[in-house]
Amino acid sequence: YTIRTIKRLKHPNLIQYIKERNLSLQMVQTYCKEVHYTLNDKSYYAVGFQNDFGGFELRNKYIKMCLGKKASTYFNNRSRNIALFESWSDYISFLTLFPNAEKQYDFLIFNSVSIIKNTIIKTSNNELFRKLQYDKIICCFDNDKAGENAILIIKKAYTNVIDGRKLYEKHKDLNDYLLTIHYNELT
């Protein structure tokens with residue numbers, strides 16, 4: 001692949017994708033970019049959320065992939081509490097629901113729960129392991145087997161873990177909950 005352009009998110013198709021997911025456009029434009037890239041000699045574009053190793057988690061109506069190295073994304077707001085998310089869309093869903101929380105917590109977006117063990121558990125000298133010295137660790141993962149396993153892994157390593165899925169326990173994930181909330185408000 002080759003990344004051709006990274007710019008402010010403004011493509012109408014991507015804006016429509018964001019609207020369909022009921023995400024705050026302002027929050028998406030704050031944390032994401034419009035990424036144009038070439039893959040196998042074909043040109044594409046997507047919403048891109050950058051991870052801490054410079055890779056991009058790409059999403060649009062048709063794709064869900066990572067360009068570059070898979071890694072988490074950490075936002076340090078110097079809080080005593082941290083919220084953990086499986087994906088950037090759940091992180092932005094949280095900020096859409098609770099915009100005042102944007103600077104009240106630190107945030108760690110794994111961009112895939114499959115990297116949790118390698119990210120915060122395996123080595124005690126790991127930078128993220130040291131970062132997770134918080135009063136509260138709030139886990140906002142998906143309501144599926146992978147999300148459940150992720151919470152169990154974190155609960156084994158830390159004692160101050162809160163299962164944030166109680167907010168959206170009848171929904172697949174935080175974005176699914178957000179879609180339902182907005183749907184109910186409109187009906």
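All residue numbers in this chain count up from 1 along the given sequence.
For Thr73, the side-chain hydrogen bond (donor to acceptor under 3.5 Å, both in side chains) partners two or more places apart in sequence, or in a different chain, are Asn111. By the ring pair (Phe, Tyr, Trp, His ring centres under 6.0 Å) test, Phe75 pairs with Tyr31, Tyr91, sequence neighbours left out.
Tyr134 and Ile153 fall within the same hydrophobic cluster, where Ile, Leu, Val, Met, Phe, Trp and Tyr residues are linked whenever their side-chain heavy atoms come under 4.5 Å apart, directly or through other members. In this structure, Ile6 is not a member of the same hydrophobic cluster as Phe49, with clusters built from ILVMFWY side-chain heavy atoms closer than 4.5 Å.
Atoms CG and SG, on Asp173 and Cys140 in that order, are 11.0 Å from each other to the nearest 0.5 Å.
Counting heavy atoms from C-beta on, the side chains of Phe98 and Leu167 come closer than 4.5 Å. Using a 4.5 Å heavy-atom threshold, the side chains of Tyr168 and Asp176 count as separate. Side-chain contact between Phe141 and Phe110 is present, with at least one heavy-atom pair separated by less than 4.5 Å. Residues Phe107 and Asn77 meet the side-chain proximity criterion, which asks for heavy atoms closer than 4.5 Å. Contact annotation: the side chain of Gln16 never approaches that of Lys61 to less than 4.5 Å [non-hydrogen atoms, C-beta and beyond]. Side-chain atoms of Trp88 and Leu23, non-hydrogen and from C-beta on, do get closer than 4.5 Å to each other. Looking only at side-chain heavy atoms (C-beta outward), Ile3 and Val35 come within less than 4.5 Å of each other.
The two atoms that bring Cys66 and Lys69 nearest to each other are SG-O, 4.0 Å, heavy atoms only. When all heavy atoms of Phe94 and Ala101 are compared, the pair lying nearest together is CE2-CB, 3.8 Å. Taking every heavy atom of both residues into account, Ala46 and Leu58 meet most closely at CB-CB, 3.9 Å.
Remark: side-chain polar atoms of Asn81 are not paired, donor with acceptor, to backbone N or O of Tyr105 under 3.5 angstrom. The backbone N or O of Lys42 lies less than 3.5 Å from no partner atom in the side chain of Asn40, so there is not a single donor-acceptor pair. Looking at Asp90, its side chain does come within 3.5 Å of a backbone N or O of Asn175 through a donor-acceptor pair. Looking at Asp142, its side chain never comes within 3.5 Å of a backbone N or O of Gly147 through a donor-acceptor pair.
In this model, a donor atom of one side chain and an acceptor atom of the other lie less than 3.5 Å apart for Asn13 and Tyr45. Between the side chains of Ser89 and Arg59, no donor-acceptor pair of N or O atoms lies under 3.5 Å.
The environment of Gln104 atom CD is dense: over 12 non-hydrogen atoms of other residues, nucleotides or ligands sit within 6.0 angstrom.
A salt bridge links Glu57 with Lys70; the closest basic N to acidic carboxylate O contact falls under 4.0 Å.
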